[in-house]
Amino acid sequence: MNRLFTKSLCTSSAAGANLKPPPPDPAAISNLILSSPIQSPLPSNTPWTPHLVNSILKRLWNHGPKALHFFHLLDRRHRNYIHSPSSFNLAIDIAARLHLHTTVWSLIRRMRSLRIGPSPKTFAIVAERFASSGKPDKAVNLFLNMHEHGCSQDLASFNTILDILCKSKRVEKAYELFKDLRGRFSADVVTYNVIVNGWCLIKRTPKALEVLKEMVERGISPNLTTYNTMLKGFFRSGQVRQGWEFFLEMKKRNCGIGFDVVTYTTVVHGLGVSGEVKRAKKVFDEMIREGVLPSVATHNALIQVLCKKDTVENAVLVFEEMVRKGYEPNVTTYNVLIRGLFHAGEFTRGEEMMRTMEEEGGCEASFQTYNMMIRYYLECGEVEKALGLFERMGSGGCLPNLDTYNILISGMFVRKRSEDMVVAGKLLVEMEILRSQSKSGSRLTKKFRLTESGKALFREDRARTVSKLLNYTIALLSWAKKFSAFYSSCVSEYR
DNA sequence: GTAGGGTTAG
């Protein structure tokens, strides 16, 4: 990886004095940071910009300590660069994910001393981390005390905290807070929509309908967002008939609102995933007749539905049609279609589609793309293909995450070859290092160890081989643990 | 980062 960086430096010097040097490559710098010891200085003479810093922080997302180290080095030791509020927010997000509360607060204080924040967004980020790590009360307290940190509470921030609680499935908690404070903040249609959506997210549509009734009683008119939310709620909870009837009712009453592209996309997707492909296609055609233009998301919904419940060939036809009409497929379009092709065993066409996506579509493969392709390859024993993709991930635009490692390690057992076990062991060590930096992944790993690896090993009846491999794995694991303890002690320097 | 639609399979 060091070589990669040197190479990029060489190209820039070879470009000559009269040619503008190429912009710094975030991937190369990220790889340099990843492969260097923690105390290493940053490459000098880099023209730092908020954009460059943010893309490096995003690339190092799964390597939090390294990312924070980079952020701190630049913050403290560079005279000509001051971090932007958005970089601070990213760093705070990373620190909060690692539960480094002291770091979070020192970053917030630093923002304040530089007079660039914290903003409501900063608090939303921290609150979201609290809520999603099982501490909704802390999220609420943060909202209640944010004015003490120079950030005022208003209806917008009230709606945000309710939304954060709802999206992390703490709907009861959100509803409590809503009832307590709706008077103080004069709850509006957005507030009610957030709560309606909350109940829908946990599939409690009767509660959602209750809130809908309540808002009408309190003189707040539901808008199209409210109805679309409710519609999605029905489909999500498997109440396809109720969803369809709600849609017809919306059509009948009209309410002067009409439908928009979101309404139609919801119905196309909802009907399709429940197997009603013909009706989904009819609704898709109907929206065009009604003069509502389908969006890329609508096409994605239809393509996914065709892949799942019809044929991938028909999905490809819709894809080609959308391109012909001038739509620009996005990363979701490609992911859905590549998945469909792989699912149908069309690996070559899937690979071709990935090339199209990167070369013609201008889309970079995401970790979803890679993880899904790796999973399908491993499923049918194409270990080399899977490892090839894994290698490409390391050098390309998106780094492997814990899911990638779990998928790969589990897959190393399918061929029952000893050389695969060695690779699995190596991957396990790498993953242990990665996991030691991301506490949120520990549950996932535990599950993997107890289920996938255990089952795979016990399926092997050659007891001696099994026990040898098991010992090997255990030795690697304990070595990895020692190493990660050592690593954490190095890391603690800047916590 | 005041709200609603489109990413795995198990």
Side-chain angles (χ1 to χ4, degrees), chain A residues 85-86 89 92-93 118-129 131 143 151 153-164 166-167 185-198 200-201 208 215 220 222-233 235-236 257 259-270 272-273 280 283-284 287 292 294-305 307-308 318 322 327 329-340 342-343 363 365-376 379 403-404 406-407 410 447 451-452:
Chain A
S86 61
N89 285 339
I92 288 169
D93 203 350
S119 64
K121 183 176 173 173
T122 315
F123 285 102
I125 289 167
V126 182
E128 204 266 329
R129 289 294 122 217
F143 164 72
C151 209
Q153 287 166 324
D154 53 12
L155 178 59
S157 57
F158 178 54
N159 290 342
T160 302
I161 187 70
L162 292 177
D163 196 36
I164 287 168
C166 285
K167 298 233 166 87
F185 289 105
S186 323
D188 63 355
V189 61
V190 177
T191 323
Y192 279 93
N193 286 349
V194 164
I195 299 294
V196 167
N197 187 42
C200 286
L201 283 175
M215 74 189 279
I220 294 167
N223 57 16
L224 189 52
T225 300
T226 326
Y227 293 121
N228 287 343
T229 305
M230 215 44 246
L231 193 57
K232 174 74 191 170
F235 286 119
R236 181 185 281 117
I257 304 176
F259 293 161
D260 67 359
V261 58
V262 177
T263 323
Y264 283 110
T265 306
T266 306
V267 177
V268 168
H269 188 251
V273 293
V283 173
F284 184 85
M287 74 184 284
V292 180
S295 64
V296 172
T298 322
H299 285 92
N300 294 350
L302 185 62
I303 289 170
Q304 194 208 107
V305 155
C307 285
K308 274 188 171 171
V318 172
M322 81 182 271
Y327 286 96
N330 59 21
V331 64
T332 308
T333 322
Y334 288 108
N335 283 347
V336 166
L337 202 53
I338 294 171
R339 177 170 293 120
F342 269 60
H343 194 75
C363 286
S366 64
F367 70 88
Q368 284 100 331
T369 324
Y370 281 110
N371 287 359
M372 167 259 298
M373 290 171 81
I374 289 173
R375 196 190 293 269
Y376 277 110
E379 224 169 62
D403 280 335
T404 321
N406 276 312
I407 294 164
S410 309
K447 187 175 153 202
T451 59
E452 296 307 325

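Sequence lines set the chain letters: A, B, ... in the order given, protein chains first and strands last, and positions in each chain run from 1.
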Does B:dG5 have its OP1 or OP2 closer than 4.0 Å to a side-chain nitrogen or oxygen of A:His299?
no
Name all residues meeting the side chain to side chain donor-acceptor pair (under 3.5 Å) criterion together with A:Ser366; count only those two or more places apart in sequence or in a different chain, and write none if there are none.
A:Asn335, A:Gln368, A:Thr369
Which part of the nucleic acid, if any, lies within contact of A:Thr298, taking any heavy atom under 4.0 Å across all strands shown: a base, the sugar-phosphate backbone alone, or nothing?
base
Which is true for A:Ser295 with a 4.0 Å heavy-atom rule: it touches a base, it touches only sugar-phosphate, or it touches nothing?
base
Nearest-Å distance for atom pair CG/C1', residues A:Leu155 and B:dG1:
14 Å
Does a donor on one side chain and an acceptor on the other come within less than 3.5 Å for A:Thr298 and A:Ser295?
yes
Quick one: label A:Leu231 by what it contacts on the DNA or RNA (base, sugar-phosphate, nothing), any heavy atom closer than 4.0 Å.
nothing
Output all residues satisfying salt bridge (Lys or Arg N to Asp or Glu O under 4.0 Å) with A:Arg339, sequence neighbours left out; order by chain, then residue number.
none
Have a look at A:Tyr376 and say if it touches a base, only the backbone sugar-phosphate, or nothing, with a 4.0 Å heavy-atom cut-off.
sugar-phosphate
Side chain A:Asn159, main chain A:Leu162, donor-acceptor under 3.5 Å:
no
Could you check whether A:Asp163 gets within reach of a base, just the sugar-phosphate, or nothing at all, counting any heavy atom under 4.0 Å?
sugar-phosphate
For the base of B:dG5, is there a side-chain donor-acceptor partner from A:Thr265 under 3.5 Å away?
yes
So A:Thr229, base contact, sugar-phosphate only, or nothing? Heavy-atom distance under 4.0 Å.
sugar-phosphate
Can a side chain N or O of A:Tyr192 be found less than 4.0 Å away from OP1 or OP2 on B:dT2?
no
Of the listed nucleotides B:dA3, B:dG5, B:dG1, the one nearest the side chain of A:Asn223
B:dA3
The nucleotide from B:dA3, B:dG5, B:dA9 with an atom nearest the side chain of A:Lys308 is B:dA9
Checking all strands, does A:Asp260 fall into the base, sugar-phosphate, or nothing category for heavy-atom contacts under 4.0 angstrom?
base
Name the closest nucleotide to the A:Asn193 side chain, picking from B:dT2, B:dA3, B:dA9.
B:dA3
Can you tell me if the side-chain N/O atoms of A:Lys232 get under 4.0 Å from OP1 or OP2 in B:dG6?
yes
So what does A:Val196 touch, heavy atoms closer than 4.0 Å: a base, only the sugar-phosphate, or nothing?
nothing
Parallel, tilted or perpendicular: ring planes of A:Tyr264 versus A:Phe259, cut at 30 and 60 degrees
perpendicular
Regarding A:Val296, tell me which of base, sugar-phosphate or nothing describes its non-hydrogen contacts under 4.0 Å with the strands shown.
base
